[in-house]
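All values reported here derive from a predicted model rather than from experimental measurement.
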Amino acid sequence: MRWWRLPLRYLLLLAVLALTIGPFLWQLSTSLKGPGEDIYRYPPSLIPQHATLANYAGVAEIIPVWDFALNSLKVATANVVTNCVGAALAGYALARMRFRGRKAALVVFIMAMLVPVESIMIAQFVTMRELQLNNTLLGVVLPGCIGAMNVLLMRNAFAGLPYEVEEAAFVDGANAWQRFVRIALPSVKGTLAVVAIFSFMGAWDDFLWPLIVLSDQSKFTLTIGLNFLHGTFADNQRLVAAGTVIAVVPLIVLFACLQRYFFRGVGEGAVKG
């Protein structure tokens, strides 16, 4: 390797790092600045001169942020559970079981990924209204309880597992359910972590669908509730930044807990020895 390539790589990595976490650091810095500091100064300053947590308390005074966060947590948790369970079952069936119409079902899941969500929202809202689930958290969860992308991810993970392991279990008398629970599922923890993280992020950050379905303020999710920080006659960017940080922290905690499995991926299903 030539001497200039290694410094160039580190410069590129630093540039990507700045573009990736730069906006978050700016929001975090803004949320900690007091009312006496100019957040629009040039050159900008990331380190607050007098750091304060009053902006976070101010968010709770304007909106019931913790109630909104609890609603978002309920929706996101339900979305993670339904996607992990449903996608794992469907992915295993598509990858391992032989039944009529298996390839057609796989094509249907692939085509479902090509349909824009915005094009079916009216149909989804009419369906929720007919089921009398509009203005409920269940109505928020139901349309996204099993994602086509997650099913395909699990299908590819199960398809990458060697057949020899399951054949040995079949010889020992294990049925399909036992092979799924005891052999296949523990071998795809990495993909399950990917599905869990993507499902949680999608449900936690979703704004348009909860805005359409929900009308009762007590059932608003955090993304809708934070919109009230942009008032008609007042727009305190410090409070907006504090609300943004509150919304991002659970995602960081989730990724920190699952990163070991996330980076392991689907390659852990290989046979050793």
Side-chain angles (χ1 to χ4, degrees), residues 20 72 74-131 133-134 137-161 176 180 184-185 187-214 221-224 247-248 250-251 254-255 258-259 261-269:
T20 304
S72 291
K74 293 177 181 178
V75 172
T77 302
N79 197 275
V80 169
V81 173
T82 54
N83 270 280
C84 287
V85 174
L89 291 172
Y92 184 80
L94 292 174
R96 292 305 202 190
M97 296 185 176
R98 299 293 182 265
F99 56 91
R100 184 175 298 178
R102 183 169 67 103
K103 293 184 179 180
L106 181 60
V107 172
V108 169
F109 279 107
I110 295 175
M111 293 180 63
M113 295 174 52
L114 305 178
V115 179
V117 178
E118 293 78 9
S119 64
I120 59 175
M121 277 194 172
I122 296 177
Q124 289 179 344
F125 176 77
V126 173
T127 303
M128 294 301 106
R129 187 179 62 185
E130 293 297 325
L131 294 175
L133 294 177
N134 57 312
L137 295 180
L138 181 59
V140 179
V141 174
L142 194 58
C145 61
I146 300 179
M149 172 65 78
N150 297 330
V151 173
L152 294 178
L153 285 174
M154 295 306 302
R155 183 261 175 191
N156 291 337
F158 287 123
L161 298 178
F180 168 72
L185 200 59
S187 300
V188 294
K189 292 180 181 178
T191 308
L192 276 176
V194 173
V195 171
I197 291 175
F198 286 170
S199 301
F200 191 93
M201 291 178 59
W204 186 270
D205 293 336
D206 192 13
F207 175 78
L208 183 58
W209 177 243
L211 182 65
I212 294 174
V213 177
L214 301 176
T221 57
L222 187 59
T223 51
I224 303 177
V248 171
L251 301 178
L254 177 68
F255 185 80
L258 297 180
Q259 63 173 337
Y261 301 103
F262 182 85
F263 290 111
R264 184 181 300 175
V266 297
E268 60 190 358

> Tell me, which pairs form a salt bridge (Lys or Arg N to Asp or Glu O under 4.0 Å) where one or both residues lie in residues 86-113, sequence neighbours left out?
Replying inline: Arg96-Glu166
> Hey, are the side chains of Leu251 and Ile197 touching, using non-hydrogen atoms and a 4.5 Å cut-off?
Replying inline: no
> In Å and rounded to the nearest 0.5 Å, what is the CG to CE distance from Asn134 to Met128?
Replying inline: 9.5 Å
>> Enumerate the side-chain hydrogen bond (donor to acceptor under 3.5 Å, both in side chains) contacts for residues 114-125, please, sequence neighbours excluded, ordered by first and then second residue.
In response: none
>> Taking atom CG as the centre, does Leu114 end up with more than 12 heavy-atom neighbours from other residues, nucleotides or ligands that are less than 6.0 angstrom away?
In response: yes
> What is the minimum heavy-atom distance between Phe158 and Ala88, and which atoms define it?
Replying inline: CE1-O, 3.4 Å
> Can you name the nearest heavy-atom pair linking Ala159 to Ala95, along with the distance?
Replying inline: N-CB, 3.7 Å
>> Looking at Gly139, is its backbone amide N or carbonyl O close enough to the side chain of Trp209 to form a donor-acceptor pair, meaning the two atoms are under 3.5 Å apart?
In response: yes
> Is there a donor-acceptor pair under 3.5 Å between the side chain of Thr221 and the backbone N or O of Ser72?
Replying inline: no
>> Once rounded to the nearest 0.5 Å, what's the spacing between atom CG of Leu94 and atom CE of Met154?
In response: 11.5 Å
> Should Leu106 and Leu152 count as side-chain neighbours, where that means a heavy-atom distance under 4.5 Å?
Replying inline: yes
> Would you say Asn83's side chain and Gly147's backbone share a donor-acceptor pair under 3.5 angstrom?
Replying inline: yes
> Could you state the interatomic distance from CG (Leu211) to OG1 (Thr223), rounded to the nearest 0.5 Å?
Replying inline: 8.5 Å
> Atom CG in Leu153, atom OG1 in Thr191: separation rounded to 0.5 Å?
Replying inline: 7.0 Å
> Which heavy atom in Ala112 sits nearest to a heavy atom in Ala148, and how many Å separate them?
Replying inline: CB-CB, 4.0 Å
>> What's the separation between atom CE in Met97 and atom OH in Tyr92, rounded to the nearest 0.5 Å?
In response: 5.5 Å
>> Looking at Met121, I'd like to know if its CE atom is crowded, meaning that more than 12 non-hydrogen atoms belonging to other residues, nucleotides or ligands lie closer than 6.0 Å.
In response: yes
>> Show, in sequence, the C-alpha distance, side-chain angles and deciding distance for Val194 and Phe198, and conclude whether the side chain to side chain contact (heavy atoms under 4.5 Å, CB included) test is met.
In response: CA-CA 6 Å; Val194 173; Phe198 286 170; 3.5 Å; yes
>> Just verifying a value: how many Å separate Leu161 CG and Asn156 CG, rounded to the nearest 0.5 Å?
In response: 11.0 Å
> Which atom pair, heavy atoms only, marks the closest approach of Ile146 to Gly86?
Replying inline: CD1-CA, 3.8 Å
> When you look at Asn79 and Cys145, which way does the side chain to side chain contact (heavy atoms under 4.5 Å, CB included) test go after all the steps?
Replying inline: CA-CA 5 Å; Asn79 197 275; Cys145 61; 5.6 Å; no
>> Going by side chain to side chain contact (heavy atoms under 4.5 Å, CB included), name the residues that satisfy it together with Ala247, two or more places apart in sequence or in a different chain.
In response: Trp204, Leu222, Leu226
>> Go through it in stages, so that I can follow the logic: the residues are Leu192 and Leu185, the test is side chain to side chain contact (heavy atoms under 4.5 Å, CB included), and I'd like the CA-CA distance, side-chain angles, deciding distance and then a yes or no.
In response: CA-CA 9 Å; Leu192 276 176; Leu185 200 59; 3.8 Å; yes
> Can you name the nearest heavy-atom pair linking Asp206 to Leu208, along with the distance?
Replying inline: OD1-N, 3.6 Å
